Amino acid sequence: MIIFVKIEELFNKSPRFLSILLSISISFAVTANNSSDSLQNNLDEVIISATKSKRILSSLPLNASIIKKEEIQRTNATKLSDVINEQTGLLTVSDYGGGEGIQMQGLDSEYSLILIDNQPLIGRQAGTFDLDRISVGNIKQIEIVRGASSSLYGNEALAGVINILTEEPKKGFTGSLSNSIETNNSIDNNLTLNYANTKLKSSLFFNNFSSDGYDLSDDDDLRTVNKFKNNTIQLKLGYLLNEQFRIKLNSRYFTQTIENIGSNLLTGETYNEEANINLGIEHNSEKIRSDFEIYSTAYFADEFLNDQNDNIFSQSFYDHILIKPEAKSIFSLKDKDNIVVGLGLKYETLKRTYFDSQPKQNSPFIYFQYDFNIDKKTNLIFGWRYDSFKEYNSQLSPKISGIYKIDDNKSIKISAGYGFKAPDFRQLYFNFTNSTVGYSVIGYNVFESVINQLNDEGLISNLLIPVEDFYEPLKPESSFSLNIGYDFKINNKISLKTNVFNNTAKDLIDTRVVANKTNGQNVFSYYNLDKVMTGGVEIEGLFKYDNYLSFSFGYQLLYALDLEAIKAFNNGDVYARLTTTSPTFQLNRSDYFGLFNRSRHMGMFKISYFNEKYDLDTLLRIRFRSKYGLYDTNGNNYLDKYDEFVKGYFTTNLSLNKTINKLIISTGIENLFNYTDSQNITNLSGRLLYLKLILKLNNKS
Amino acid sequence: MKYLKIILLSFFIFSCEGRDSYDPTINFETISNLHAPVEGGQGLNSSGPFTKFDFETSSETNSETNWDIAFRGTSVIINGGSSLNNDSEPERNGNAGAYIFNGTLAALEIVDENLFTQDSEQGYAIQTGSGNGWYNYTGSPDHLILPIPGRILVFRTRNNGYAKVEVLSYYFDAPDNPDAFDDESRYYTFNYVYQSEPGNTSFN
């Protein structure tokens, strides 16, 4: 802890700290290093998270993709959300708390598992995982597996998995230093120092990022995005004890401070802190690779608002801890067949405001996966995982997938799996009463005790749902997901990837009124209700004109529907009025648009051009999102075609990178045409200009 | 506003025209900006008098006895049954009842006597809370109270007449795109049809 504080102090003086380093590092030897290959065919790329073992992406029967370091660097992204928003079918959605959560195949952030170096990240206060907590400065690759993956990862992997792999050092001393400055006084500093020899691998990474945020509307005292700063320190160590054993340590520490503005009278601060440590030992023999890892992570958040006289107006805290030991073995069989077996335990605890007790949870798990080749053309993967829970039903999550190579250029993939998301601590243990309006929200498992307490205080007038209804445990939300893909390489220049997907999710947890209070307000609690279906098509294409010029596009068609809503529309229970006082009319099924915040069409178009003569790399990206509805605006609670929609829009980003020996000078414009919508799109700032310098520190030996 | 009302009225008259018999005991009215303030917010201390309404005279009333329904904030009570929270509710001296019908105002032709309930210690006949009664609350960030289209409040009045009510707006002058921060709330605009003949459950 003391070390962290000291490094933080160093960070606070970072411009000088970095300039000193910069001057030292310039003295390093200089050699040219061109990485001009762009938008490459991803034939030999290795993906880990899809099978928990190394697999070649192109032969994998799953709907998976990889974002390479080079691609991230070429876009000059400083935030992970910027990277995600340029992927086919993915987008980030702002939470009211300010976090950027991923939407994958039309499913919300709470249904996607986020891993860093294969280990899960926590800290979802209201379900959303804020991707911008993760610095992009030392990412080696981002692996994205779309479709339910609970057969390997258990909880949360309902929509898919995102695994962020950080850099592994190459032999010798390597490193890089970068500085970037952008509109809104956004400053991003990165320093990576790596050293590796035959036995030791070590890597140290620092990042600090600060920004003034921005304000899209001047007519209130609030800011669209508040001023913030964050720091990341990451240390990775690996040591080969002998030919068979290797030990490793991965650790990461993150702090963030965000200014908090409640109104012109209320100001405060949000402080987040995250620490991860993963200790592991690996054993390699000819046929068996085993590892045992103990992963611990903690996420703390403290928030307050003070009034003008510095008296506390509101404050809250959230302390979440996860400890997970896990052992895994990969058995190699003939013909590259293999079996993966793993088991472990998840221990979780959460202390927070509005909890009467500190819940703890122990959930052991075991998984199995058999990856086998029927013949040279057909590969099948079958797996399941069992997660044991005390508080709700234990879950068995199977998955099966297969690929058939029609020939060298065509393949068909199919995968079907089960995904689940267990009720979180908030849904089970919340005890919250709104002090200004007077309603209450009670977690499912504490319902009886809290409602009795409220009743004893004379606050309950009428219990609508009997207490006995809460004896049966709340069910985990679950989904069946299906992906069918067809990859087609037309020739050396043109290739296409297509995928059809469907996710049918049931038992989604919602709130309902369970009692009336004597003050006329309601008591809410959680229950399993919703059935939701998301389905659509993803298409990606690449056209390499030559080694210098290439075009690529991505498109997603999406239908995201609430099946209960469809019933209501079919039954003729939904009505609307065109204006407040115009006549009411009945709506039918075709008037139903779907879930909120889902666009039917999303697209991406990229042009990449490399000029050899000037060593200049240019990348233009155009992103499109079709119209979507954020709220019901006509009172019937459903998004229908008579509601107000957020208009569809384009954003255009341009980046230019020039390499001079070991120095890369980058500049560019984000949101070139300055598209904003202050009412509805808070995560899209106006036009941004930036300048970035990257210095590679390679001690060539 | 006036223009809209004329259109509405003409729409209704138009829709009545085709019918064989026109019942002189049936009245169609639009009430605008019936103010239903509430004191002490919506929370624990909500208080203050209810705004009473009488279908017979089609107007707000201060009478202690000649009222059918009453409003305070989003709450609607009836002159029938018993009190939930007896501090500031008017005394009930009638046998009014209420239920909710799902459909257009015109679609409700015959009142179903079996469905009526009354206010009680357990709750109001027109339930409070978003989605339960006549409105949806949109929550953050718009915080709007929007009447649910197709929710018709059906009342038996204190003197055994019947009324069907469609709430159109909770904001002053019933703006088309209300803004919870700019438009004044707790101003009811509603359409209703009143059958004054006691015991006649038909609106045709």
Side-chain angles (χ1 to χ4, degrees), chain A residues 94-97 219-220 222 433-440 457 459-464 511-524 568 571-587 630-638 640 642-644 679-680 682, chain B residues 1 4-5 7-8 11-12 15 30 32 38 41-46 72-75 84-85 102-107 120-124 127-132 134-136 138-142 144-152 166 168-169 171 173-178 181 189 191:
Chain A
S94 300
D95 191 26
Y96 296 127
D219 54 6
D220 57 29
L222 307 178
T433 294
N434 182 297
S435 55
T436 46
V437 181
Y439 65 87
S440 299
E457 290 166 19
L459 298 172
I460 302 298
S461 68
N462 188 23
L463 192 63
L464 300 168
T511 52
R512 65 173 162 176
V513 176
V514 290
N516 304 128
K517 295 179 78 171
T518 47
N519 62 14
Q521 291 295 319
N522 293 315
V523 178
F524 298 87
N571 290 344
D573 292 339
V574 188
Y575 294 82
R577 279 185 289 268
L578 291 179
T579 64
T580 299
T581 50
S582 69
T584 304
F585 56 95
Q586 196 174 45
L587 300 183
L630 280 180
Y631 321 104
D632 166 45
T633 55
N634 58 10
N636 59 22
N637 233 354
Y638 299 103
D640 59 72
Y642 302 102
D643 276 309
E644 278 172 50
Q679 280 288 310
N680 301 309
T682 54
Chain B
M1 246 342 272
L4 270 173
K5 249 194 250 179
I7 293 178
L8 269 172
F11 177 82
F12 184 75
S15 61
T30 298
S32 293
V38 53
Q42 300 197 336
L44 291 157
N45 311 314
S46 64
R72 189 177 71 187
T74 55
S75 300
L84 170 72
N85 193 4
N102 216 19
T104 60
L105 196 59
S120 73
E121 288 82 6
Q122 273 79 50
Y124 296 139
Q127 273 194 38
T128 56
S130 176
N132 301 328
W134 62 269
Y135 70 90
N136 274 321
T138 63
S140 206
D142 287 344
L144 283 166
I145 299 283
L146 297 176
I148 304 169
R151 289 274 170 101
I152 307 299
E166 179 179 34
L168 301 176
S169 178
Y171 296 92
D173 273 351
D176 276 337
N177 297 304
F181 302 98
T189 295
N191 286 334

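Quick note on labels: first sequence line is chain A, next is B, and so on, each numbered from 1. In this text the structure is predicted, and so the values were computed from the model without any measurement.
Using a distance-only test at 3.5 Å, with no hydrogens or angles considered, a donor-acceptor pair links the side chain of A:D643 to the main chain of A:D640.
Ranked by non-hydrogen atom pairs under 4.5 Å with chain A, the options B:S169, B:P147, B:G123, B:S130 are led by B:P147.
Proximity to chain B (any heavy atom under 4.5 Å) is shown, for A:N434, by neither the backbone nor the side chain. Heavy atoms of A:D573 lying under 4.5 Å from chain B belong to its backbone as well as its side chain. There is no contact between A:T433 and chain B, counting heavy-atom distances below 4.5 Å.
Residues meeting the side chain to side chain donor-acceptor pair (under 3.5 Å) test with A:N680, sequence neighbours left out: A:D677. Scored by the side-chain contact (heavy atoms from CB on, under 4.5 Å) test, B:T128 finds A:N522, B:S75, B:Y124 as partners (sequence neighbours excluded).
With a 4.5 Å cut-off on side-chain heavy atoms, B:T138 and A:D632 do not count as touching.
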